[in-house]
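This report concerns only the one structure given below.
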Amino acid sequence: LLRAQSCTQARIEEDHQQSLVSAKFLICERIFLYVFCRFECLTKVFELSYRCKMPHNANIIHYFCRSKADCMSTLKQQRTGHLALFGSNIMWGVMAPISKFVLAGGIITSAVLTDIRIFGGAVLFWIASLFFKAEKVDRKDYIKLFGAGLFSTALNQLCFVRGVSLTSPVDASICTSTMPIWTMILAAIFLKEPITGKKAGGVLLGLSGALLLIFFGGNRASGADSSISGNLLCLLSQLSYAIYLVFFQGVIKKYSPSTLMKWNYTFGALILLPITFSSLFTVEWGNLPSQQWAGLAYVLFFGTFFSYLL
């Protein structure tokens with residue numbers, strides 16, 4: 001009887017020690033994942049960790065290493081994407097004053113600058129597509145790509161360039177930052193995506209700033225060239241691109257960026273061709289100063305090609 005009680009007590013202590021070891025490993029697991037993972041990875045990994053039973057220490061270590069590798073790979077991809085977005089936004093932000101400088105010369109009109117961006121962008125994206133893997137486009141998707149080119153390229157750039165010619169570069173740059181706001185509002189209305197309290201506060205703050213800029217920006221001493229119509233056109237360009245992001249998610253997710261860009265710019269060029277192409281022949285290209293040639297090069301290669309390619 002004493003031997004049986006001793007064995008039972010020893011087994012209880014052994015089970016208690018195993019429970020403590022399991023608890024320690026569980027705590028270490030949470031700390032490890034918290035240090036090496038972002039919130040997006042934690043949600044999935046924690047859910048898996050509750051479902052999986054790992055009795056041996058080697059399995060836990062292997063699970064740790066695998067989780068770390070997956071999360072670090074995700075973090076690396078996120079950093080790369082954030083850097084690409086940061087670079088693109090810098091290019092777009094610098095493009096506003098450069099476009100204003102080119103238009104201020106009086107030789108290049110807003111229609112000509114739009115033509116250069118769209119026609120030149122179509123050529124550059126078709127050349128760039130030769131260096132990527134060929135991708136077949138379904139016949140039924142050409143209509144969708146036509147609509148995508150209308151909103152993402154034709155209306156977006158025509159309104160933006162015209163708006164820049166009427167308002168100040170600072171106002172135009174601020175207006176371009178409202179595109180995520182329009183995207184969030186449209187996604188909530190038509191795609192029923194939830195808007196949290198923080199998102200709603202950000203939308204309200206962003207819209208308040210945009211409305212203050214539109215109605216009171218023209219009265220600033222430092223921004224005498226601001227105008228309500230120019231600011232509205234810049235905002236309309238961002239709304240146009242937000243429509244593209246919300247209503248054409250199917251083709252955006254289906255095709256690669258190089259395929260999307262070349263067809264968006266091709267259809268955008270075809271839409272604007274009958275309207276603005278004749279303006280290219282009225283420009284006195286020989287009288288264009290070298291500084292404005294450099295400005296046009298920046299708008300085409302950095303503000304249009306490389307920024308969208310990123």
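Only this structure's heavy atoms are used, side chains among them; waters, hydrogens and symmetry mates stay out. Only a predicted model underlies this, so the values are computations on that prediction, with no experimental measurement involved.
Linking ILVMFWY side-chain heavy atoms closer than 4.5 Å, directly or via other members, places F306 and V123 in two distinct hydrophobic clusters. Hydrophobic clustering (side-chain heavy atoms under 4.5 Å, transitive across Ile, Leu, Val, Met, Phe, Trp, Tyr) groups V112 together with F281. If you chain together hydrophobic residues whose side chains sit under 4.5 Å apart, L273 and I275 never meet in one group. When the side chains of ILVMFWY residues are joined at heavy-atom separations under 4.5 Å, either directly or via intervening members, V251 and F132 end up in two distinct hydrophobic clusters. Hydrophobic clustering, with ILVMFWY side chains joined whenever heavy atoms are under 4.5 angstrom apart, groups L113 together with L280.
No side-chain heavy atom of F160 sits less than 4.5 Å from a side-chain heavy atom of T114. Proximity of V94 to Y298: side-chain heavy atoms (C-beta onward) are separated by under 4.5 Å at one or more points. Between L191 and L186 there is no side-chain heavy-atom pair separated by less than 4.5 Å. Side-chain contact check for S88 versus M91: every heavy-atom pair is 4.5 Å or farther apart. Using a 4.5 Å cut-off on side-chain heavy atoms (C-beta onward), Q157 and R162 make no contact. Considering only heavy atoms from C-beta on, Y255 comes within 4.5 Å of D141 through its side chain. With contacts defined as side-chain heavy-atom distances shorter than 4.5 Å, the pair T153/L272 does not qualify. Looking at F247 and F151, their side chains never come closer than 4.5 Å, going by heavy atoms from C-beta outward.
Checked against the 6.0 Å centroid criterion, the rings of W92 and Y308 qualify as a close aromatic pair. Ring centroid separation for the pair Y241 and W182 does not come in under the 6.0 Å cut-off.
Remark: side-chain polar atoms of S240 are not paired, donor with acceptor, to backbone N or O of L236 under 3.5 angstrom. A donor-acceptor pair is defined here as one N or O able to donate and one able to accept, closer than 3.5 Å; such a pair exists between the side chain of K100 and the backbone of T167. In this structure, the side chain of S110 does not engage the main chain of V161 through any donor-acceptor pair within 3.5 Å. In terms of modelled atom types and a separation under 3.5 Å, the side chain of W126 and the main chain of W263 share no donor-acceptor contact. The backbone N or O of F302 lies less than 3.5 Å from a partner atom in the side chain of S307, making a donor-acceptor pair.
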Side chain to side chain contact (heavy atoms under 4.5 Å, CB included), that's the test. Do Y244 and N156 meet it? Break it down for me.
CA-CA 10 Å; Y244 160 70; N156 170 257; over 6 Å; no
Take I181 and Q238 through the side chain to side chain contact (heavy atoms under 4.5 Å, CB included) test and state the conclusion after the steps. CA-CA 9 Å; I181 299 175; Q238 303 310 302; over 6 Å; no
Go through the steps to decide whether S279 and T282 satisfy the test side-chain hydrogen bond (donor to acceptor under 3.5 Å, both in side chains), and finish with yes or no. CA-CA 5 Å; S279 60; T282 62; 5.6 Å; no
What's the verdict on side chain to side chain contact (heavy atoms under 4.5 Å, CB included) for S168 and D171, showing C-alpha distance, side-chain angles and the deciding distance?
CA-CA 5 Å; S168 68; D171 289 2; 3.2 Å; yes
Pair F277, F119 - check ring pair (Phe, Tyr, Trp, His ring centres under 6.0 Å), show working. CA-CA 9 Å; F277 188 72; F119 298 141; 5.6 Å; yes
Item to check | Worked verdict on E135 versus K262 for side chain to side chain contact (heavy atoms under 4.5 Å, CB included) | outcome: CA-CA 12 Å; E135 192 172 17; K262 74 178 182 181; over 6 Å; no
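Note: F125 and F305 have tilted aromatic rings, judged against thresholds of 30 and 60 degrees for the angle between ring planes.
Put simply, SG on C234 and CE on M179 are 14.0 Å apart, with the number rounded to the nearest 0.5 Å. One distance of note links CG of L239 with SG of C159; it measures 9.5 Å at 0.5 Å rounding. Separation of atoms OG (S256) and CE (M261) is listed at 10.0 Å; rounding is to 0.5 Å. Atom-to-atom distance recorded for L158:CG and T276:OG1 is 7.0 Å, nearest 0.5 angstrom. Atom CG in L232 sits 7.0 Å away from atom OG in S229 (nearest 0.5 Å). For the atom pair CH2 of W293 and CD1 of I108, the computed distance is 7.0 Å after rounding to the nearest 0.5 Å.
Residue Y142 places its OH atom among more than 12 non-hydrogen atoms of other residues, nucleotides or ligands, all under 6.0 Å distant. Enclosure of atom CG in L130 by more than 12 non-hydrogen atoms of other residues, nucleotides or ligands within 6.0 angstrom is indicated.
In terms of heavy atoms, G268 sits closest to I118 at C-CG2, 3.8 Å. Scanning all heavy atoms of the two residues, the minimum distance from V299 to I98 falls at CG2-CG2, 4.2 Å. Scanning all heavy atoms of the two residues, the minimum distance from I195 to M184 falls at CD1-O, 4.2 Å. Shown here for L260 and L145, the closest heavy-atom pair between the two residues is CD2-CD2, 3.9 Å. Closest approach of C175 and T178 over heavy atoms only: O-OG1, 2.6 Å. The minimum heavy-atom distance linking N287 with I107 is given by the pair O-CD1, 3.4 Å.
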